[in-house]
There are 4 protein chains.
Amino acid sequence: MATFVNERSFIMKTNQKEHIMETALQLFASKGYGQTSIALIAREAGVAQGLMYNYFDSKEALLLAIMEQGFAGVQESMAVYAGTHSPKKALELHVEATFAQVTANKNFWKLFHAIKMQEQVQQFLDAEYAHAKSFIIKTLSGNFKKLGYDKPTDEAKLFFVMIDGLVIHHLMDAKTFPLHTIKKTIFQRYHI
Amino acid sequence: MATFVNERSFIMKTNQKEHIMETALQLFASKGYGQTSIALIAREAGVAQGLMYNYFDSKEALLLAIMEQGFAGVQESMAVYAGTHSPKKALELHVEATFAQVTANKNFWKLFHAIKMQEQVQQFLDAEYAHAKSFIIKTLSGNFKKLGYDKPTDEAKLFFVMIDGLVIHHLMDAKTFPLHTIKKTIFQRYHI
Amino acid sequence: MATFVNERSFIMKTNQKEHIMETALQLFASKGYGQTSIALIAREAGVAQGLMYNYFDSKEALLLAIMEQGFAGVQESMAVYAGTHSPKKALELHVEATFAQVTANKNFWKLFHAIKMQEQVQQFLDAEYAHAKSFIIKTLSGNFKKLGYDKPTDEAKLFFVMIDGLVIHHLMDAKTFPLHTIKKTIFQRYHI
Amino acid sequence: MATFVNERSFIMKTNQKEHIMETALQLFASKGYGQTSIALIAREAGVAQGLMYNYFDSKEALLLAIMEQGFAGVQESMAVYAGTHSPKKALELHVEATFAQVTANKNFWKLFHAIKMQEQVQQFLDAEYAHAKSFIIKTLSGNFKKLGYDKPTDEAKLFFVMIDGLVIHHLMDAKTFPLHTIKKTIFQRYHI
DNA sequence: GATGAATGAGACTTCATTCAT
DNA sequence: CATGAATGAAGTCTCATTCAT
């Protein structure tokens, strides 16, 4: 009996925190971090303003928690195709995984791309992001080398910014930039 | 005499307005629009806070003026290669002109890319930006068609997001993403 | 059996109430009443926040309870030398008892002296404090009269504020104002 | 003409800042620092809340400014009797100057004594206060030595806490502890 | 045009207190 | 009795904007 109560209250707590994070993510993504007030998040989430501070030390800590959760998703997703593959298969999986990530997590990626250019925020993103970025480029570079490309690192960078650019424009205007249609053109270009 | 005085004050005014816009652009680009206060802009520009409102109705109007000035630069730059060219030359000129624009106007493009994902701002950007975007893609598409590409519109979109992605990453990390080195890889890929 | 359980729970309760009061006193004394939150007291005492309100109606009631407990100590201590003594012995005992009180109860006296000048708090202190103060002065005055002092009431007031001043400075800086060293000078001055 | 305007606006500015400080001092002294909100100060001073922050960086900075102004008064006052005097005259002047200070500046001294026991505030008081305290005790000690007292430093400390204790009680209850009546008893005691 | 003091709405945050469990 | 999640009022502070000079 007591166990049941504890479980339920644990679930409630978790849900409440999750609920706040989801509401905040949605608002941050659509209005921007700076334009989203704590008051609005609380109102939309249907909780009192003060409750936010039971779960997060500050508005910035809330943002950080959201970002970390999002990055955790990326790492999971990257782990999927980390195994040894043929270089072509690896390129294919990178694209597929990236698109799947973005599709499943649109709000997170909108927020991420909106925020990443602001110097002040880069500090706490850099630890996680710069590392992921250089890891991806190194991996891509290895694959392009195996495929006999002339300057594999430059090819990798170009591939990376192409995927990233496509994702960014897809997030802003999904109709004009549909991932799965343009993906075919990418695969043709790289003979995947 | 009076004419001279008027001219001088006109010049002063123009210079001061320009000076404020440049100061604001630099601060917006480095700290973000929301994190830059009118007080800071005035202090950095060496003018009184109230003076801003002689030139701009509001902080948002100041941003709008900066954006419009930036877009005017783009149109000028696009006009350069608007003439009839061979499709390859046209692609080359597009890349060159874009990179030249970005290099000459780093702060504007940093600000633009930082701001473009926020729904609220998109409204007044859309009029100018969406139009430019679709114009560029249409032009690129025409060139890819002339070059015999299979799906010229998708090729154009891919080309566009690739250039854009490269520019974005260059603005964030110029050392890892040098425009002129990676440009060569682009030209090779498209046989330019 | 039931009696035993009741006794135990009664003891627990008493101890817990005492424990909360002691924790609160220590925090009030070191951080100040206003700077000490209920949350902190509960955390330091190792109990739930809500539990406080089973024992005390409010934060102010907790303070009041602490103050009353402290004053009870004073009255006990004063009872010790309330008997008939020679006037010199009475003065001596007053000093000794005061210093013993302060030494045994540093936190309470720190809190008391930090709080006593705030008008708002004086209201509920006044009932207890003003009475004690005037009682002490009256008693001292009687002793100085017996000793043949010219203006015994003024002497009593001076004696009182001297002891009080010494205690206050001792509480703030015990090294510079050691009670037992300066006590000797007092005794010499009054030929005790 | 322009000079006149400048002068007047300078005076206005100065007055406004002074006016806020005086209002704040009065409220801090009567309600306590923690119990006095910025909103109340602004309301009492008849200005907007935001204006406070044109003159003071924070509520604490406002307190600091008030304290510094108060201490400046003390130093001025101490300079008056800093010259060479007979030791008796020096003691007399110390008492007179202290009482004059307190009488002229009741609110400041109420605030000071209410605040001085709070650990957190002591940090920025210590620089100014601890120095003044030890200077006064050293000076008094010199005088008591000249007068042939046995343990001049302990005498000085006792004298100091006696004056301080009297001031504190006078500030709380001026009727029971009138400075000028009790002063006579002090002077008799020390044969001044 | 130019100044900068003044405004006031609104942001983030804290915290005593309540209440369902 | 005990918990601690939840509340909501109130506090400090920021900042775009106005206006008298």
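Each chain gets a letter, A, B and so on, in the order the sequences are listed, and its residues count up from 1.
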Check for a donor-acceptor pair, side chain of A/Tyr33 on one end and backbone N or O of A/Glu60 on the other, with a separation under 3.5 Å.
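Checked: pair present.
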
Taking C/His113 for its side chain and D/Met117 for its backbone only, find out whether a donor-acceptor pair lies under 3.5 Å.
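Side chain of C/His113 to backbone of D/Met117: no pair is present.
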
If you measure from [atom1] on [X] to [atom2] on [Y], what distance do you get to the nearest 0.5 Å?
X	Y	atom1	atom2	answer
D/Lys116	D/Met67	NZ	CE	10.5 Å
A/Leu171	A/Leu111	CG	CG	11.0 Å
B/Gln49	B/Ile41	CD	CD1	9.5 Å

Close side-chain approach of D/Lys17 and D/Phe56, heavy atoms under 4.5 Å:
yes

Atom [atom1] of [X] and atom [atom2] of [N]: how far apart are they, to the nearest Å?
X	N	atom1	atom2	answer
D/Arg43	E/dT7	CZ	P	15 Å
A/Leu63	E/dC12	CG	C1'	15 Å
D/Phe56	F/dT14	CZ	C1'	18 Å
C/Tyr55	E/dT17	OH	C1'	18 Å
D/Asp57	F/dT14	CG	C1'	12 Å
C/Ile20	F/dC1	CD1	P	10 Å

Which residues pass the side-chain hydrogen bond (donor to acceptor under 3.5 Å, both in side chains) test with B/Gln69, not counting sequence neighbours?
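Result, side-chain hydrogen bond (donor to acceptor under 3.5 Å, both in side chains) vs B/Gln69: B/Glu18.
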
Within 6.0 Å of CG in C/Asn54, more than 12 heavy atoms from elsewhere:
yes

Letter per nucleotide, 5' to 3', of nucleotides 7-12 of chain F [B base touched, S only sugar-phosphate touched, - untouched; heavy atoms, 4.0 Å]
BB--SB

Both atom distances under 3.5 Å, Watson-Crick or G-U wobble: I'd like the secondary structure of DNA chain F as a dot-bracket string, with | for pairs made across strands.
.||||||||||||||||||||

